[in-house]
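Reading through the structure tokens given below for one structure.
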Amino acid sequence: MKDDKARIVLGMSGGVDSSVAALLLKEQGYDVLAVYMKNWEEEDDEGVCTSTEDYEDVRRVSDALGIPYYTVNFAREYRERVFSYFLEEYEAGRTPNPDVLCNCEIKFRAFLDFAMGLEAAALATGHYARLEKQGEGARLLRAVDLTKDQTYFLAGLTQAQLQRAMFPIGGLYKKEVRRLAEAAGLTTARKKDSTGICFIGERNFKRFLMQYLPAQPGDMIDLNGKVIGRHDGLMYYTLGQRRGLGIGGRAEGSGESWFVIGKDMERNLLIVQQGEQEELYSLGLGAEKVSFIAGQPPAASFACTAKFRYRQSDQAVRVTMHGAGCTIDFDRPQRAVTPGQWVVLYDGDVCLGGGPIDETRPLKPIRIAGRAQ
RNA sequence: UGGGGUGUCGCCAAGCGGUAAGGCACGGGACUUUGACUCCCGCAUCCGUAGGUUCGACUCCUGCCACCCCAG
């Protein structure tokens, strides 16, 4: 009779979310196989390999639930398909979002293939997102707990991938997830949420990147072309960034903070500005490759809402398709929209898809006094 | 070395006899499966230095030092 149960492969990270996903699947009578992915081989800043602890938790939770657990290693795939892109983007002066790609390439490709190889009916994860599987296809919906919604990271998935996905905790609030874990006596019930790049973890960003990309220090200049300070390498900064510039207390200044408003890759200059000025905002953006979960855009031109970074509130926009890409016009100017980051589109609670931002249409173009363009 | 001015946290800057504002930077934390933004907390027992006056001085006086400006 065990054979009657549908087999589900669950990606377990050792956190509460996937622990509760396991609990729910088990309660629903599935034949659950917990699989821990180890996709990064290095120790963290403190020289600690947290994956050991995480795997311990996977073991404890699995044992408590009476489900088998395994481990797989996609470190090579991760490096080849996600990390290399991550580095290339930084080298080009952009600010990539490796975790969106990680879902497309690792969790729902390499790992999904692995799960299918085990004859699983579906691949489940502890993402906060909901799926609506209808006859025509699967729709990706925001999580019930909007403060934890992770559809932003799943926006690049295809129908084929979502058809085989399951997000058991998408209908729960984080509080409920912890309560369920607590009630079931799972050791991860009070474990702190993990942050940082997926599989790599929380790092001192500058030190981490330094290990992979050569640093080229240069000048920081303001809109007058005046040298305000030195930067450690353009890739260490992102648009709209304030901390880490080390600029403070200029006699002629306004006393406000300084922000990164641009990069001149040619001259290796970081362009900074004091205060929240118009140069920090944009009216629209262009994306060369946008993917839609439904397989195609809802129309050649349509209105919807969008997020330009994870955890940002939705903004009203209009999307106009141009082949595989699109241009997006914002109803209101948006702050620090950054190339490399993903723009993710929504129609109400439905995540339509998204793609990496390639360029922006500034509210006020950056013009450095005394320089051509 | 004739005259004038200034020396307070890494930077900018309040204070003008009553026992060191604020901003920026920086550090820590919160938030967060990117990188940011944001928010919270911290951050000069000491005011160029040595004395003096005073119950009490960063604030008054004197010497010295440093820097700046104007002079020739």
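Hydrogens, waters and symmetry mates are skipped; everything else that's a heavy atom, side chains included, is used. Residue numbering restarts at 1 for every chain, and letters A, B, ... go by the order of the sequence lines.
Remark: A:Lys364 NZ is loosely packed, at most 12 non-hydrogen atoms of other residues, nucleotides or ligands lying under 6.0 Å away.
A perpendicular orientation is assigned to the rings of A:Phe292 and A:Phe302, their planes being inclined by more than 60° (bins at 30° and 60°). Using cut-offs of 30° and 60° for the angle between ring planes, the A:Tyr310 and A:Phe153 rings count as tilted.
Note on A:Tyr310: a side-chain N or O is less than 4.0 Å away from OP1 or OP2 of B:U33. At B:U33, one or more side-chain N or O atoms of A:Lys148 fall inside 4.0 Å of OP1 or OP2 (strictly under the cut-off). Between A:Ser257 and B:A25 there is a side-chain N or O to OP1 or OP2 distance below 4.0 Å.
As judged by a 4.0 angstrom heavy-atom cut-off over every strand, A:Asp17 is placed among residues making no nucleic acid contact. Within 4.0 Å (heavy atoms only), A:Gln341 reaches at least one base atom of the nucleic acid. Residue contacts shown for A:Tyr90 are limited to sugar-phosphate atoms, with no base heavy atom under 4.0 Å away.
Within the 3.5 Å criterion, the main-chain N or O of A:Ala143 finds a donor-acceptor partner in the side chain of A:Asp149.
Residues passing the side-chain hydrogen bond (donor to acceptor under 3.5 Å, both in side chains) test with A:Ser291, sequence neighbours excluded: none.
Base orientation at B:C43 is anti, since its O4'-C1' glycosidic dihedral falls outside 90° of 0.
For B:G27, the paired base is B:C41 (Watson-Crick or G-U wobble, both distances below 3.5 Å). The base-pairing partner of B:A14, taking Watson-Crick or G-U wobble contacts with both distances under 3.5 Å, does not exist among the strands shown. Remark: B:G2 base-pairs with B:C70; criterion is Watson-Crick or G-U wobble with both hydrogen-bond distances under 3.5 Å. Here B:U59 sits opposite no nucleotide as a Watson-Crick or G-U wobble pair (both hydrogen-bonding atom distances under 3.5 Å).
To the nearest angstrom, P of B:C31 lies 11 Å from NZ of A:Lys174.
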Listing, residues 119-129 of chain A side-chain donor-acceptor contacts under 3.5 Å, not counting sequence neighbours, or none:
| from | atom 1 | to | atom 2 | distance (Å) |
| --- | --- | --- | --- | --- |
| A:Thr125 | OG1 | A:His127 | ND1 | 2.7 |
| A:Tyr128 | OH | A:Asp17 | OD1 | 2.8 |

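Taking atom P on both B:U62 and B:G5, the two are 12 Å apart, rounded to the nearest angstrom.
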5' to 3', nucleotides 39-44 of chain B under a 4.0 Å protein heavy-atom cut-off (B base, S sugar-phosphate only, - none) gives ------

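At least one test fails for A:Arg7 against the ring of A:Tyr30: distance under 6.0 Å to the centre or angle within 45° of the axis.
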